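Okay, structure first, notes after.
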Amino acid sequence: MAQPNNGQMIDMARTTDKAALNEWYAVASLTDLDTSEDTLLLGQKITVGPGQSVTCDGAPLAVREKYGCLWTTLGTPNGEIFDIEEAAETTRRFVPCGWVKMRASGLRVVENFLDMAHFPFVHADILGSEPHTEVLHYTTEIRRDVDEVWATNCKFFQPQMTATRPEGEFAQLVYRVPAPFIVMLYRTVPDTDGMQDAIALFIQPMEEGLCRAQPVMYLTDQASTHTELLRFEQVIFLQDRIIVENQRPLLLPMEPRSEIPTRADGSSIAYRRWLKEKGLTYGTTLPETDVA
Ligand SMILES: [Fe+2]
């Protein structure tokens with residue numbers, strides 16, 4: 001059911017998409033939860049507060065506190081929230097970067113995060129630079145044992161990989177999609193014995209075409225100030241917001257051959273196939289009834 005809202009038609013119906021309902025979602029930062037606040041999850045109004053989450057009818061929802069966030073679900077998750085091993089390493093810097101609201105499908109935000117080809121154009125002279133525009137061959141797989149999408153052996157020339165690396169070099173990257181609305185990046189730290197920074201992006205799908213997202217980082221960097229780390233990530237993320245908000249359609253196209261794949265899109269193809277297998281349609285161009 002669509003309702004008019006400031007001249008825009010938005011879908012405020014409660015979704016029946018079980019694949020979306022049965023996931024855990026980060027819906028608030030624990031540091032923001034001194035008092036209760038209203039928010040939207042999958043088109044449904046919920047109220048979150050210290051250690052609790054309830055529907056607008058007052059029904060309590062399951063909650064967890066993890067990775068600096070309050071997590072909740074509108075359905076029955078198959079398991080617990082996915083594991084970030086690096087979160088348990090006490091020597092790491094924990095850098096939650098704050099929520100950014102975007103007029104875009106959360107699934108589009110995941111795809112943008114997976115896409116290396118945009119680095120030289122969207123993050124010019126930071127995460128990429130011309131003429132280093134080629135996406136080298138990498139491997140994508142749906143890992144059946146854990147039900148996650150991974151892209152490994154990714155390499156991309158980055159002029160300024162992190163706050164402390166002003167000289168260009170090839171970044172060694174691994175991408176992981178542990179849930180439909182969560183995406184992670186592992187970035188090998190230069191001059192270490194293969195240590196990796198872990199960067200997660202938690203997405204709260206508010207409506208099909210509206211979400212907010214928060215990057216949460218577990219970093220090895222002991223030199224930069226918290227503000228420097230935060231600013232670096234916020235600059236990147238605000239550049240991405242402009243891109244995802246201008247993509248059309250707003251929702252993730254799932255019809256066969258709706259967007260022509262290139263080699264750079266291997267992770268995106270695997271991601272869409274995985275969503276389709278799950279029967280997840282919330283935030284896609286497919287109607288709910290299209291997938292059983
Ligand atoms: Fe980006």
Side-chain angles (χ1 to χ4, degrees), residues 1-29 32-33 36-49 52-64 69-78 81 99-113 177-183 201-214 241 244-255 258 271-272 274-292:
M1 182 175 61
Q3 295 177 349
N5 180 21
N6 301 329
Q8 281 186 305
M9 299 297 281
I10 53 169
D11 187 5
M12 290 295 287
R14 287 188 184 189
T15 181
T16 57
D17 183 339
K18 283 213 166 57
L21 290 168
N22 291 341
E23 291 288 342
W24 289 107
Y25 296 97
V27 290
S29 300
D32 293 342
L33 277 183
S36 295
E37 61 182 44
D38 295 336
T39 187
L40 272 177
L41 179 60
L42 301 170
Q44 193 167 326
K45 197 172 153 194
I46 60 169
T47 304
V48 294
Q52 65 162 3
S53 165
V54 296
T55 66
C56 57
D57 305 328
L61 300 167
V63 290
R64 299 285 186 275
C69 291
L70 183 81
W71 297 69
T72 195
T73 179
L74 296 171
T76 312
N78 289 325
I81 298 163
W99 295 97
V100 175
K101 200 168 175 181
M102 286 171 281
R103 176 54 71 183
S105 163
L107 307 174
R108 282 284 205 189
V109 176
V110 171
E111 273 209 350
N112 176 70
F113 191 93
V177 186
F181 290 89
I182 296 167
V183 59
L201 187 65
F202 302 149
I203 298 162
Q204 176 187 346
M206 303 176 81
E207 298 167 7
E208 287 210 86
L210 180 71
C211 67
R212 58 178 201 159
Q214 167 157 224
R241 181 166 86 165
V244 295
E245 289 197 330
N246 282 289
Q247 285 177 323
R248 294 295 178 273
L250 219 51
L251 305 184
L252 188 71
M254 291 281 270
E255 295 82 6
S258 51
Y271 176 57
R272 291 186 191 191
W274 181 68
L275 293 177
K276 203 157 212 169
E277 285 176 9
K278 289 182 172 301
L280 190 136
T281 58
Y282 194 86
T284 77
T285 52
L286 296 181
E288 283 188 0
T289 48
D290 255 23
V291 180

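Computation of the quantities below employed the complete heavy-atom set of this structure, encompassing side-chain atoms and omitting hydrogens, waters and symmetry-equivalent molecules. The shown structure was predicted, so the numbers you read here are calculated from the model rather than taken from an experiment.
Partners of Trp71 under the ring pair (Phe, Tyr, Trp, His ring centres under 6.0 Å) rule, at least two apart in sequence or in another chain, are Phe202. With sequence neighbours excluded, the residues satisfying salt bridge (Lys or Arg N to Asp or Glu O under 4.0 Å) with Asp57 are Arg14. Checked against side chain to side chain contact (heavy atoms under 4.5 Å, CB included), Leu251 has the following partners two or more places apart in sequence or in another chain: Ser105, Glu208, Thr285. Phe181 is linked by a ring pair (Phe, Tyr, Trp, His ring centres under 6.0 Å) to Tyr25, counting only residues two or more places apart in sequence or in another chain. Partners of Glu23 under the side-chain hydrogen bond (donor to acceptor under 3.5 Å, both in side chains) rule, at least two apart in sequence or in another chain, do not exist in this structure. Partners of Thr16 according to the side-chain hydrogen bond (donor to acceptor under 3.5 Å, both in side chains) rule, which considers only residues two or more places apart in sequence or in another chain, are Glu288. Checked against side chain to side chain contact (heavy atoms under 4.5 Å, CB included), Lys45 has the following partners two or more places apart in sequence or in another chain: Asp38, Leu40, Cys56. Take Val63 and apply the side chain to side chain contact (heavy atoms under 4.5 Å, CB included) test, not counting sequence neighbours, and it matches Ser53, Leu70, Thr72. For Ser29, the side chain to side chain contact (heavy atoms under 4.5 Å, CB included) partners two or more places apart in sequence, or in a different chain, are Thr31, Asp32, Trp99, Gln214. For Glu245, the salt bridge (Lys or Arg N to Asp or Glu O under 4.0 Å) test picks out no residue, with sequence neighbours left out. Checked against side-chain hydrogen bond (donor to acceptor under 3.5 Å, both in side chains), Arg241 has no partners two or more places apart in sequence or in another chain. Annotation: salt bridge (Lys or Arg N to Asp or Glu O under 4.0 Å) contacts of Arg64 (sequence neighbours excluded): Glu80.
Contact detail for Tyr271 and Glu111: the closest heavy-atom pair is CD2-CG, 3.7 Å. The minimum heavy-atom distance between Leu275 and Pro180, with the atom names listed, is CD2-CB, 3.7 Å. The shortest non-hydrogen separation linking Ala213 to Met102 is CB-CE, 3.7 Å. In terms of heavy-atom proximity, Ile203 sits nearest to Val110 at CD1-CG2, 3.5 Å. Closest approach of Cys211 and Gly106 over heavy atoms only: SG-CA, 3.9 Å. Nearest heavy-atom pair, Trp274 versus Pro178, reported as atom, atom and distance to 0.1 Å: CH2-C, 4.3 Å.
Rounded to the nearest 0.5 Å, atoms CG (Leu280) and CG (Leu252) are 9.5 Å apart. Residue Leu250 holds its CG atom at 9.0 Å from CG of Leu210, rounded to the nearest 0.5 Å. With values rounded to the nearest 0.5 angstrom, Thr15 atom OG1 is found 6.5 Å from Leu42 atom CG. Between the CG atom of Leu41 and the CG atom of Leu61 there is a distance of 8.5 Å, given to the nearest 0.5 Å. Annotation: the span from Lys278 atom NZ to Asn22 atom CG amounts to 10.5 Å, rounded to 0.5 Å. To the nearest 0.5 angstrom, Thr281 atom OG1 is 8.5 Å from Met254 atom CE.
Taking a cutoff of 4.0 Å between a charged side-chain nitrogen and a carboxylate oxygen, Glu255 and Arg272 do not qualify as a salt bridge.
Not one N or O on the side chain of Arg108 forms a donor-acceptor pair closer than 3.5 Å with the backbone of Gly283. Without hydrogens or angle criteria, Asp17 side chain to Tyr282 main chain gives a donor-acceptor distance under 3.5 Å.
With a 4.5 Å cut-off on side-chain heavy atoms, Thr39 and Ile46 count as touching.
Counting heavy atoms of neighbouring residues, nucleotides and ligands inside a 6.0 Å radius, atom CG of Asn246 exceeds 12 of them.
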